[in-house]
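So the structure is just underneath, and the comments pick up after that.
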There are 2 protein chains.
Amino acid sequence: MDYRRTYVRDLFDMPPGTATSAYGWVKTRRDSKGISFVQISDGSCFKDFQVIVNEGVLSSDDLKLLTTGACVRFDGKIVESPAAGQAVEMQAEAVEVFGAADPQTYPLQKKGATMEYLREIAHLRARGNTFGAVFRVRNRAAFAIHKFFQTRGFHYVHTPIITASDAEGAGAMFQVTTAVETVEKAVEGGTEHQAAYRIRNANPKEDFFGKPSYLTVSGQLEAETLAMGMTNVYTFGPTFRAENSSTSRHAAEFWMVEPEMAFCDLEGDMNLAEEFLKEVVADLLDQCGDDLSFFNQRIEKELLETLQHVVSSPFERLTYTEAVKLLETSGESFEFPVHWGADLQSEHERWLTETKVGRPVILTDYPKEIKAFYMRANEDGKTVRAMDVLAPRIGEIMGGSQREERLDVLESRITEMGLPLEPYWWYLDLRRFGTAPHAGFGLGFERLLMYVTGMKNIRDVIPYHRTPGHAEF
Amino acid sequence: MDYRRTYVRDLFDMPPGTATSAYGWVKTRRDSKGISFVQISDGSCFKDFQVIVNEGVLSSDDLKLLTTGACVRFDGKIVESPAAGQAVEMQAEAVEVFGAADPQTYPLQKKGATMEYLREIAHLRARGNTFGAVFRVRNRAAFAIHKFFQTRGFHYVHTPIITASDAEGAGAMFQVTTAVETVEKAVEGGTEHQAAYRIRNANPKEDFFGKPSYLTVSGQLEAETLAMGMTNVYTFGPTFRAENSSTSRHAAEFWMVEPEMAFCDLEGDMNLAEEFLKEVVADLLDQCGDDLSFFNQRIEKELLETLQHVVSSPFERLTYTEAVKLLETSGESFEFPVHWGADLQSEHERWLTETKVGRPVILTDYPKEIKAFYMRANEDGKTVRAMDVLAPRIGEIMGGSQREERLDVLESRITEMGLPLEPYWWYLDLRRFGTAPHAGFGLGFERLLMYVTGMKNIRDVIPYHRTPGHAEF
């Protein structure tokens with residue numbers, strides 16, 4: 001059995017008369033007047049493929065096994081289909097049942113299972129319509145992202161996952177250790193006095209990396225080191241947040257895309273972000289049409305319209321200060337009041353992009369107090385060259401900035417934020433030796449997937465979600 | 001300043017007379033008879049680009065700044081080059097120095113810096129010849145891998161990085177926790193008695209995921225769940241080993257590629273592995289010619305020859321049992337004696353592939369005692385459907401197997417290995433509901449890179465290595 005496969009998606013293109021095999025899992029079987037209509041799927045496309053089993057072709061034992069979830073190979077001939085919605089189907093001549101699925105116990109039976117239930121059987125849910133579609137879109141989006149950057153001469157770089165520095169102070173971190181066992185063993189035996197003694201002596205210097213180490217919250221700072229030698233680079237890897245909050249938009253483990261460009265200012269950064277989002281969405285509209293139509297029909301009514309709109313509309317560009325003025329004079333009654341200096345809330349972002357502008361909006365030049373230390377200071381002494389890309393229906397989808405490339409300004413900012421300079425020695429070296437204007441942005445991959453599929457919960461756009469209390473499978 | 005860039009690699013193709021700009025970092029400057037010859041690089045290709053600065057064109061202040069490591073933009077005209085090895089060069093008309101690099105302190109000066117020294121300045125080493133080449137090859141290899149799978153209908157899947165199960169028992173794991181702080185705080189204050197009391201009460205159930213959690217050693221088991229619904233899938237992500245050994249071939253954090261195919265047996269698995277290695281290496285020979293030539297010249301004398309050989313030779317396929325016979329009758333005196341049942345050592349693998357066969361070899365059907373529980377049992381009761389791919393000069397480069405798809409056999413194997421069944425409930429479900437023959441393999445991405453570049457230490461094929469005692473940058 002070779003890995004080379006006639007996928008179900010290829011069967012639809014075969015001329016009637018072709019003898020072939022169809023591999024997959026049974027979605028449904030319907031029996032009518034001695035004929036069985038079996039729908040199978042192999043995850044290669046949204047559509048199921050119909051196989052016709054005439055009476056007497058299969059043994060009744062085999063026929064009985066053709067229930068939802070069973071894994072099979074049908075051998076037969078492609079024939080024209082009288083049914084609507086498909087040009088061809090297969091007339092079965094033989095079947096091999098690789099594995100049955102007892103209808104009494106198979107967990108993925110019932111139609112209309114809730115998303116919550118499907119998370120409990122996440123090891124099977126890719127066999128269903130919704131999650132097959134989600135994971136096909138996830139696959140294609142990842143490839144579209146690589147293609148986008150590769151055709152523009154960007155280098156894909158792998159920044160470290162384990163890090164000893166709380167890089168950008170972006171959030172709570174998970175500690176990575178081999179010393180827990182040591183601590184646990186120390187507590188286990190002996191008197192309390194002895195245990196405490198041993199724990200005091202469980203020196204962090206004896207931990208694997210010789211100092212406290214964490215899971216990365218962003219690859220940006222390391223990506224900058226590579227851009228300052230290779231010009232245009234991007235990361236695409238997992239990042240982590242140990243924030244103990246359960247929302248539909250936050251996960252403890254998620255994938256980030258972070259381009260970083262030397263010889264680029266905020267203008268160039270915005271151009272890249274706009275081109276990026278348009279090209280990836282256009283690629284998905286082109287390559288995953290059936291999957292997106294399904295989401296449009298079943299998950300989010302205006303999905304296709306908003307996606308087409310993103311591809312065809314120029315993004316509006318506004319400064320934070322302009323946006324605050326628009327919000328203040330909007331006449332809307334927001335839950336959170338707006339004033340210059342405050343972080344914009346989701347309601348403000350959505351009003352701007354959906355109601356006011358009706359297109360994606362890029363906001364720039366935020367107050368320095370609400371942005372990270374590495375963003376380039378403007379001459380006004382109050383704002384920094386930050387940008388957030390806001391999209392209708394979801395709000396913020398990307399965030400980036402021109403980086404502070406001036407050594408003295410950067411050192412002042414780090415000190416001003418109450419951070420020590422020493423851990424940033426290598427980051428500061430980039431400004432000490434051959435510095436250059438540079439910029440970049442970050443995109444949460446799962447946020448993008450929620451946007452393009454309309455799925456409402458981040459737990460449902462990644463195969464196995466990690467959230468407080470959940471590390472199943 | 002836009003991100004769109006005329007890269008140095010594009011300058012070489014410009015017709016003489018073109019007015020353009022060249023961005024990059026100065027590699028060297030040589031002054032001769034009033035003319036300065038400046039070599040710059042932007043990481044887009046192996047070759048440096050030569051810029052000619054005639055006396056009086058730049059101010060003497062600017063000229064003084066053009067030292068190794070300085071970051072610049074030259075504006076000028078492309079002209080034919082009288083020098084050997086390059087068709088064109090630039091006649092400078094103006095320069096902007098973005099950032100100088102003081103020759104007294106810039107750390108990447110000296111020729112012939114050791115690999116060890118360059119690891120200490122890993123944030124700068126991508127600017128040099130060797131690491132520019134390594135990271136260009138790394139980028140291209142990653143993309144070639146995605147292209148290989150995408151053109152064959154495989155779906156890229158992201159399996160979890162944080163896991164609560166020691167999946168395949170493949171090695172020592174890092175623990176991921178938010179409780180260390182709790183423990184540390186508990187130890188900090190108060191009497192020893194109080195500290196011990198608080199530590200005893202630092203319940204692991206109060207840790208972030210509600211149970212002990214670890215960094216994954218392999219995405220295979222989760223990839224199987226996705227293959228059993230989407231047919232052909234692959235992972236490409238970071239994996240971890242907490243093994244406290246410092247060798248040139250082991251890192252605590254490395255990237256793995258793991259394809260998994262439904263409806264595929266060991267034969268198909270071998271076909272895929274052979275095609276995969278050939279296509280990725282052929283792509284690199286095609287796309288990274290200058291970089292590989294450099295490695296061939298400076299790092300590993302027979303590199304190009306062995307790579308071309310891999311592309312053009314059919315891989316030999318032998319069973320483990322046949323291989324042991326060949327080794328036993330080889331007349332060689334190995335350091336480790338060979339007998340049926342023993343794991344093959346590197347010296348044995350290299351003798352087989354280099355001396356005996358002279359081509360890559362795939363060994364199959366290993367004794368079950370030395371392989372993992374999930375590999376499909378052969379009828380002989382002694383061996384399993386495992387495979388290792390061995391390549392000349394490096395030995396094992398990929399390992400895989402057909403998976404045990406029979407529920408009863410798999411349960412027996414797990415129990416036989418002394419493992420509990422309960423944590424594998426979802427893995428066993430795959431065999432309970434719609435099981436199918438399936439197979440896959442794993443490739444350590446850094447091992448592949450060591451193979452195709454000839455670099456001798458795994459620390460030098462990844463931007464920032466994680467090894468015992470080392471988590472710098």
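Protein chains get the first letters and strands the later ones, always in sequence-line order, with residue 1 at the start of each. Keep in mind that this is a model prediction, so the values were computed, not measured.
Proximity to chain B is absent for every atom of A:Ala223, based on heavy atoms less than 4.5 angstrom apart. Neither the backbone nor the side chain of A:Tyr427 comes within less than 4.5 Å of any heavy atom of chain B. Only the backbone of B:Glu120 comes within less than 4.5 Å of a heavy atom of chain A; no side-chain atom from C-beta onward does. Interface residue A:Arg4: only side-chain heavy atoms are found under 4.5 Å from chain B. For B:Pro160, the parts lying under 4.5 angstrom from a heavy atom of chain A are both the backbone and the side chain. Both the backbone and the side chain of B:Arg136 have a heavy atom closer than 4.5 Å to some heavy atom of chain A. Heavy-atom distances place both the backbone and the side chain of B:Ala262 under 4.5 Å from chain A. Interface remark: A:Gln402 contributes no atoms to any contact with chain B (heavy atom separation under 4.5 Å). When heavy atoms are compared at a cutoff of 4.5 Å, A:His470 approaches chain B solely by way of its backbone atoms N, CA, C and O. If you measure heavy-atom distances from B:Arg406 to chain A, you find no contacts under 4.5 Å at all. Contact of B:Phe473 with chain A is made through backbone and side chain together, with heavy-atom distances under 4.5 Å. Contact of A:Arg9 with chain B is made through the side chain alone, with heavy-atom distances under 4.5 Å. Contact of B:Glu405 with chain A is not made at all, since no heavy-atom distance falls under 4.5 Å. When heavy atoms are compared at a cutoff of 4.5 Å, B:Phe240 approaches chain A solely by way of its side chain, counted from C-beta outward.
Side-chain contact check for B:Phe433 versus A:Thr105: some heavy-atom pair is nearer than 4.5 Å. Contact annotation: the side chain of A:Gln175 never approaches that of B:Val176 to less than 4.5 Å [non-hydrogen atoms, C-beta and beyond]. Side-chain contact check for B:Met261 versus A:Met1: every heavy-atom pair is 4.5 Å or farther apart. By the 4.5 Å heavy-atom criterion applied to side chains, B:Phe135 and A:Val157 are not counted as neighbours. Contact of the A:Arg73 side chain with the B:Phe263 side chain is not registered, since no non-hydrogen atoms from C-beta on lie closer than 4.5 Å. Proximity of A:Phe154 to B:Asn139: side-chain heavy atoms (C-beta onward) are nowhere separated by under 4.5 Å. A 4.5 Å side-chain heavy-atom check between A:Tyr7 and B:Asn232 finds at least one atom pair inside the cut-off. Side-chain atoms of B:Thr435 and A:Cys71, non-hydrogen and from C-beta on, never get closer than 4.5 Å to each other.
Between B:Ala436 and A:Phe98, the shortest heavy-atom distance links the atoms CA-CB, 4.0 Å. Among all heavy-atom pairs drawn from A:Trp25 and B:Gly434, the shortest one is NE1-O, 3.0 Å. Taking every heavy atom of both residues into account, A:Gly132 and B:Met230 meet most closely at O-CE, 4.0 Å. Heavy atoms only, all atoms of each residue included: B:Arg152 and A:Tyr3 are closest at NE-OH, 3.2 Å. Residues B:Ala164 and A:Ala471 come closest through the heavy atom pair CB-O, 3.6 Å. Closest of all the heavy-atom pairs between B:Glu253 and A:Ile162 is OE1-N, 2.9 Å.
Counted by atom type alone, B:Tyr464 and A:Thr225 present one or more donor-acceptor pairs between their side chains at under 3.5 Å. Under the 3.5 Å distance criterion, with hydrogens and angles disregarded, no donor-acceptor pair is assigned to the side chains of A:Arg140 and B:Tyr156.
Of the residues considered (A:Glu267, A:Arg431, A:Gln150, A:Arg125), A:Gln150 shows the highest number of contacts with chain B, using heavy-atom pairs under 4.5 Å. Of the listed residues A:Asp10, A:Asp265, A:Val26, the one with more heavy-atom pairs under 4.5 angstrom with chain B than any other is A:Asp265. Comparing B:Asp102, B:Val97, B:Leu215, B:Ile462 by heavy-atom pairs within less than 4.5 Å of chain A, the highest count is held by B:Leu215. Among B:Pro107, B:Ala142, B:Gly128, the residue with the largest count of heavy-atom pairs under 4.5 Å with chain A is B:Pro107. Chain A forms the most heavy-atom pairs under 4.5 Å with one residue out of B:Ala242, B:Ala126, B:Ala70, B:Ser213, and that residue is B:Ala242. In terms of heavy-atom pairs under 4.5 angstrom with chain A, the leader among B:Arg138, B:Lys147, B:His465 is B:Arg138. With chain A as partner, the option from B:Gly43, B:Gly69, B:Gly99 having the largest number of non-hydrogen pairs under 4.5 angstrom is B:Gly99. Heavy-atom pairs under 4.5 Å with chain B were tallied for A:Gly24, A:Pro463, A:Ser44, A:Gly153; the largest tally goes to A:Gly153. In terms of non-hydrogen atom pairs under 4.5 Å with chain B, the most contact-rich of A:Thr177, A:Leu226, A:Thr467 is A:Thr177. Among B:Asn271, B:Asp429, B:Ile161, B:Asp269, the residue with the largest count of heavy-atom pairs under 4.5 Å with chain A is B:Ile161.
Looking only at distances, no side-chain donor or acceptor of A:Trp426 sits under 3.5 Å from a matching main-chain atom of B:Ile121. A side-chain donor-acceptor contact under 3.5 Å links A:Arg127 to the backbone of B:Met228. Under the 3.5 Å distance criterion, the side-chain polar atoms of B:Asp42 are left unmatched by any main-chain donor or acceptor of A:Thr231.
In this structure, CZ on B:Arg466 lies 6.0 Å from OG1 on A:Thr163, to the nearest 0.5 angstrom. Here the straight-line distance linking atom CG of A:Asp2 with atom CG of B:Leu272 works out to 8.5 Å at 0.5 Å rounding. How far CG of A:Leu124 is from CZ of B:Arg432: 10.5 Å, rounded to the nearest 0.5 Å.
Under the 6.0 Å cut-off for aromatic ring centres, B:Phe208 and A:Phe174 qualify, their centroids lying closer than that.
Between B:His158 and A:Trp255, the angle of the ring planes lies from 30° to 60°, which puts this pair in the tilted group.
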